[in-house]
Amino acid sequence: LSGEGFSFAHISSFEYFCGWLIEKCMARNAIADLMHQQSLLREEYEYDKKSFAQQSGLSSVEKKVAGGICWFPVSLGRSYFNTLNQYVIEVKRRATEDPHSFEFGKPVSFFSMDMSGQVREIKMAATVSYASETEMVVAIPSVASVAQLEGVAQLGVQLAFDETSYQAMFEALNKVV
């Protein structure tokens with residue numbers, strides 16, 4: 001065989017080349033798969049966000065309160081900088097047997113309700129810092145945010161769409177791709 005220009009050196013080079021080629025193809029497929037997963041995750045995120053907005057928009061405040069995702073009406077307590085140097089405000093509701101889903105780290109939104117029952121969202125980023133059965137401490141953007149809330153006669157607070165897990169998944173996929 002060696003007289004015919006054949007040697008084991010050619011086989012190992014050929015095997016090396018095949019291994020390299022397979023590895024490159026697999027890497028391309030893996031990146032394509034990850035990009036596809038990224039696209040699917042974006043679709044799921046948009047769908048969940050839209051569904052949340054539709055469901056929360058269709059539900060009455062009373063149903064949200066009964067479902068544990070809303071406190072209404074609420075009163076405001078003191079506002080201060082907490083130990084994490086976040087500006088927070090205390091939010092209180094009347095004593096009730098209604099369970100709730102508010103807990104540390106959950107995003108919330110404040111809203112007002114006028115005399116006709118029309119609900120208007122108060123635009124500001126807010127996050128639960130602490131929650132008990134009748135009291136909650138909410139991190140708000142700044143001292144100026146307190147004025148937005150104090151001027152409201154019928155104030156409420158509800159859970160907002162939580163993007164935290166989606167943002168973590170997008171960030172992880174972006175690092176890998």
Side-chain angles (χ1 to χ4, degrees), residues 29-76 79 82 84-93 96 98-114 116-177:
N29 287 340
I31 289 173
D33 287 346
L34 287 170
M35 291 176 78
H36 181 66
Q37 290 299 319
Q38 202 171 28
S39 174
L40 291 174
L41 181 61
R42 172 83 43 211
E43 286 179 35
E44 179 183 347
Y45 165 76
E46 294 298 332
Y47 177 81
D48 282 354
K49 189 172 182 177
K50 185 178 176 182
S51 295
F52 182 88
Q54 286 176 339
Q55 288 175 353
S56 64
L58 295 175
S59 297
S60 69
V61 170
E62 292 78 19
K63 284 184 181 178
K64 291 178 192 178
V65 169
I69 61 169
C70 178
W71 285 7
F72 182 81
V74 296
S75 61
L76 300 176
S79 55
N82 67 9
L84 299 174
N85 204 30
Q86 298 170 317
Y87 201 72
V88 297
I89 190 163
E90 294 173 349
V91 179
K92 300 173 185 181
R93 70 175 177 166
T96 179
D98 294 334
H100 66 79
S101 301
F102 293 90
E103 59 186 40
F104 173 80
K106 293 278 189 172
V108 294
S109 63
F110 289 94
F111 64 91
S112 64
M113 183 184 291
D114 64 20
S116 67
Q118 186 71 23
V119 174
R120 184 183 63 84
E121 185 178 352
I122 299 169
K123 299 283 185 193
M124 80 170 64
T127 308
V128 176
S129 181
Y130 164 82
S132 68
E133 289 306 310
T134 59
E135 188 174 331
M136 186 174 3
V137 178
V138 178
I140 55 177
S142 66
V143 176
S145 302
V146 175
Q148 279 184 278
L149 301 174
E150 286 180 333
V152 177
Q154 294 270 331
L155 183 66
V157 63
Q158 63 186 352
L159 289 174
F161 182 70
D162 191 356
E163 299 183 8
T164 309
S165 59
Y166 282 108
Q167 295 307 325
M169 289 186 282
F170 284 128
E171 189 176 311
L173 278 171
N174 287 336
K175 285 181 181 179
V176 173
V177 174

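- Qualifying side-chain contact (heavy atoms from CB on, under 4.5 Å) partners for S60, counting only residues two or more places apart in sequence or in other chains: E62, K63.
- The stretch residues 132-156 participates, sequence neighbours left out, in no ring pair (Phe, Tyr, Trp, His ring centres under 6.0 Å) pair at all.
- A donor-acceptor pair shorter than 3.5 Å cannot be found between the side chains of D114 and Q118.
- Residues forming a salt bridge (Lys or Arg N to Asp or Glu O under 4.0 Å) with E43 (at least two apart in sequence, or on another chain): none.
- Contact detail for V152 and S112: the closest heavy-atom pair is CG1-CB, 3.3 Å.
- Side-chain contact between V74 and K92 is absent, with no heavy atoms from C-beta onward closer than 4.5 Å.
- Within the structure, the side chain to side chain donor-acceptor pair (under 3.5 Å) test picks out the following pairs touching residues 146-158 (sequence neighbours left out): K64-Q158.
- In terms of the side chain to side chain donor-acceptor pair (under 3.5 Å) criterion, residue partners of S79 (sequence neighbours excluded) are, by chain and number, Y87.
- Nearest approach of I140 to A126, heavy atoms of both residues: CG2-CB, 4.4 Å.
- Minimum interatomic distance between V108 and T127 (heavy atoms only, all atoms of both residues): CG2-N, 4.3 Å.
- Annotation: side chain to side chain donor-acceptor pair (under 3.5 Å) contacts of E121 (sequence neighbours excluded): none.
- Side-chain contact between L155 and L149: present, with at least one pair of heavy atoms (C-beta onward) separated by less than 4.5 Å.
- Evaluation of the side chain to side chain donor-acceptor pair (under 3.5 Å) rule for S59 yields no partner, not counting sequence neighbours.
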Quick one: side chains of residues 170-177, donor-acceptor pairs under 3.5 Å with protein atoms, not counting sequence neighbours, listed by atom name and distance.
unit_1	atom_1	unit_2	atom_2	d
N174	OD1	Q38	NE2	2.4
N174	ND2	F170	O	3.2

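- What you find for L159 and F52 is that their closest heavy atoms are O-CZ, 3.5 Å.
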Donor-acceptor pairs under 3.5 angstrom involving side-chain atoms of residues 128-135: please list them, not counting sequence neighbours.
unit_1	atom_1	unit_2	atom_2	d
S132	OG	E135	N	3.2
S132	OG	E135	O	3.2

Subject >> Pair N82-V137, side-chain contact (heavy atoms from CB on, under 4.5 Å): steps then yes or no >> reply: CA-CA 10 Å; N82 67 9; V137 178; 5.9 Å; no
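- For the salt bridge (Lys or Arg N to Asp or Glu O under 4.0 Å) condition, the pairs that include at least one residue of residues 45-60, sequence neighbours left out, are K49-E163.
- Scanning for side chain to side chain donor-acceptor pair (under 3.5 Å) contacts around E44 gives Y166, with sequence neighbours left out.
- V61 meets the side-chain contact (heavy atoms from CB on, under 4.5 Å) test with V65, C70, F72, F111, M113, V119; sequence neighbours excluded.
- Between M136 atom CE and F104 atom CZ the span is 14.0 Å, to the nearest 0.5 Å.
- The nearest pair of heavy atoms linking I69 to F102 is O-CZ, 3.5 Å.
- Just one of D33, L40, L34 meets the side chain to side chain contact (heavy atoms under 4.5 Å, CB included) condition when paired with H36; it is L40.
- Residues A160 and S109 come closest through the heavy atom pair CB-N, 4.2 Å.
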